[in-house]
Amino acid sequence: MEAHGGGLRRVLVLAFCVAGIWSAYIYQGILQETLSTKRFGPDGERFEHLAVLNLAQNVVCLIWSFIMIQMWSGGISGGAPWWSYWSAGITNTIGPAMGIEALKYISYPAQVLAKSSKMIPVMLMGSLVYGIRYTIPEYLCTFLVAGGVSTFALLKTSSKTINKLAHPNAPLGYGLCFLNLAFDGFTNATQDSLKARYPKTSAWGIMLGMNLWGTIYNMIYMFAWPSASGYEAVHFCKLHPEAAWDIFLYCCCGAVGQNFIFLTISRFGSLANTTITTTRKFVSIVVSSLLSGNPLSTKQWGCVSMVFSGLSYQIYLKWQKLKRLQKKKKAT
């Protein structure tokens, strides 16, 4: 009975994590799309200063992570020092800014799909630079994702979707997304290096260090000179308080989503988290298509299915690899 009760609790916690990650990030995606496409006020002004989303997110997550460290760790030191995040902070500032900026040029479903192809630059760098040899199933996953994204990009976008964009330009939009992935790759590698050098570094410590430098860099970029874009963004929010409210909710979703991600990884591992976040992206595309007026053609849905088939197969391969490793450990 105890084992059954423990199993039920584990299932309920997993369901809680799935609901938390899905609701936080799907709603954040809706807010992100709203801010990038909505026309505010009687003059129909657009919110052009999307980079302020990163600054606001950095500030909220910085405060949140500091509170969590004080509550759960008592401010215990021993992790990576705050100054060691300066280089990862640069790429973590530039990368997401490019991803958000892409929404001026391509639709939200296209952006989500492009950013789902993270494995492509990873495998290219691995094979060309480090000489890593991948298996045929891994290449098949990459082919499905690359083929789906590239075909989706080549297909004609509906006029309804194009009319909502601030500056329709598919090559520029997809280019920004792939640069975002490249910068994310460097950020992840640097974080892994810091965790290896400072094993006591907690998830909250990483969140604090990354967002501290992100806040510094974004503040310099947006407010360092009188004509900087940050002042225009503040003025826009004063004229249109609903935009400021959307930004606040966007940041809260990010902070809450991070909590659920940390809980998922600590209880169920990174592979379970990858599975949840991958399915969340697919649902985000469905929600955007149905609720936000971004209709996809049958061929485009085929491309979406192709990409997520590749991602699902990749997750399946990782689960199989994890099972083999667990069997080896039991055998020894």
Side-chain angles (χ1 to χ4, degrees), residues 15-40 44 46-47 50 53 96 99-118 144-145 147-170 173-174 176-177 180 242-243 245-254 256-257 260-261 273-312 315:
F16 180 62
C17 291
V18 172
I21 291 173
W22 277 30
S23 57
Y25 286 110
I26 289 172
Y27 187 50
Q28 188 184 49
I30 293 170
L31 292 167
Q32 189 182 61
E33 187 173 7
T34 298
L35 285 163
S36 65
T37 59
K38 185 178 176 180
R39 293 183 180 274
F40 294 87
R46 288 183 181 272
F47 184 70
L50 296 178
L53 292 175
I100 289 177
E101 197 71 14
L103 288 172
K104 293 181 181 179
Y105 310 105
I106 57 175
S107 68
Y108 180 72
Q111 185 229 37
V112 172
L113 208 62
K115 290 176 70 175
S116 298
S117 58
K118 200 170 189 175
L144 286 169
V145 173
V149 172
S150 56
T151 307
F152 187 97
L154 292 171
L155 290 172
K156 185 179 179 182
T157 306
S158 72
S159 57
K160 186 177 179 181
T161 300
I162 291 174
N163 290 334
K164 291 174 66 178
L165 300 175
H167 311 287
N169 188 328
Y174 283 106
L176 287 170
C177 285
N180 180 189
E242 64 269 33
W245 179 246
D246 284 347
I247 292 170
F248 173 72
L249 290 176
Y250 173 89
C251 297
C252 290
C253 286
V256 171
F260 280 105
I261 283 175
N273 180 63
T274 301
T275 306
I276 295 168
T277 53
T278 300
T279 52
R280 189 275 304 171
K281 289 175 183 176
F282 182 81
V283 176
S284 290
I285 292 176
V286 174
V287 169
S288 176
S289 178
L290 296 177
L291 298 184
S292 302
N294 288 314
L296 300 181
S297 66
T298 304
K299 290 181 180 178
Q300 286 177 316
W301 277 117
C303 294
V304 171
S305 301
M306 190 175 174
V307 170
F308 284 96
S309 295
L311 294 174
S312 300
I315 291 168

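Computed from heavy atoms alone, side chains included, the values below leave out hydrogens, waters and symmetry copies. Quick caveat: nothing in here was measured; it's all calculated off a predicted structure.
- Between the OG atom of Ser117 and the CG atom of Leu311 there is a distance of 8.5 Å, given to the nearest 0.5 Å.
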**OP:** Check the pair Phe308, Leu113 against side chain to side chain contact (heavy atoms under 4.5 Å, CB included), reporting the backbone distance first and the verdict last.
**Re:** CA-CA 9 Å; Phe308 284 96; Leu113 208 62; 3.9 Å; yes
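- To the nearest 0.5 Å, the span separating OG1 on Thr37 from CZ on Arg46 amounts to 7.0 Å.
- Taking each heavy atom of Tyr108 and Gly29 in turn, the nearest pair found is OH-CA, 3.3 Å.
- Nearest heavy-atom pair across Glu33 and Ser288 is OE1-OG, 3.0 Å.
- Without hydrogens or angle criteria, Asn180 side chain to Leu176 main chain gives no donor-acceptor distance under 3.5 Å.
- Among all heavy-atom pairs drawn from Gln28 and Cys253, the shortest one is CB-CB, 3.7 Å.
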Subject >> Criterion side chain to side chain contact (heavy atoms under 4.5 Å, CB included) on Thr34 and Phe47, from CA distance to verdict >> reply: CA-CA 10 Å; Thr34 298; Phe47 184 70; over 6 Å; no
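- If you run side chain to side chain contact (heavy atoms under 4.5 Å, CB included) between Thr161 and each of Ser289, Pro109, Ser107, only Ser107 comes through.
- Distance CD1/Ile162 to CD1/Ile106: 12.0 Å, rounded to 0.5 Å.
- Using cut-offs of 30° and 60° for the angle between ring planes, the Tyr105 and His167 rings count as tilted.
- Between Tyr250 atom OH and Gln32 atom CD the span is 4.5 Å, to the nearest 0.5 Å.
- Pairing each heavy atom of Pro295 with each of Gln300, the nearest pair is O-OE1, 4.1 Å.
- Between the Gln111 side chain and the Gly99 main chain, a donor and an acceptor come within less than 3.5 Å of each other.
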Original post:
Should Phe260 and Ile276 be marked as a side chain to side chain contact (heavy atoms under 4.5 Å, CB included) after you check the CA-CA gap, both sets of side-chain angles, and the distance that decides it?
Top reply: CA-CA 11 Å; Phe260 280 105; Ile276 295 168; over 6 Å; no
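- Annotation: the span from Thr157 atom OG1 to Leu296 atom CG amounts to 9.0 Å, rounded to 0.5 Å.
- Using a distance-only test at 3.5 Å, with no hydrogens or angles considered, no donor-acceptor pair links the side chain of Thr151 to the main chain of Gly148.
- The two atoms that bring Tyr25 and Gly254 nearest to each other are OH-O, 3.7 Å, heavy atoms only.
- Thr279 places a side-chain N or O within 3.5 Å of a backbone atom of Thr275 that can act as its donor or acceptor partner.
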Subject >> side chain to side chain contact (heavy atoms under 4.5 Å, CB included) assessment of Trp301 paired with Val304 >> reply: CA-CA 5 Å; Trp301 277 117; Val304 171; 4.2 Å; yes
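- A distance of 10.5 Å separates CG in Leu31 from CH2 in Trp245, rounded to the nearest 0.5 Å.
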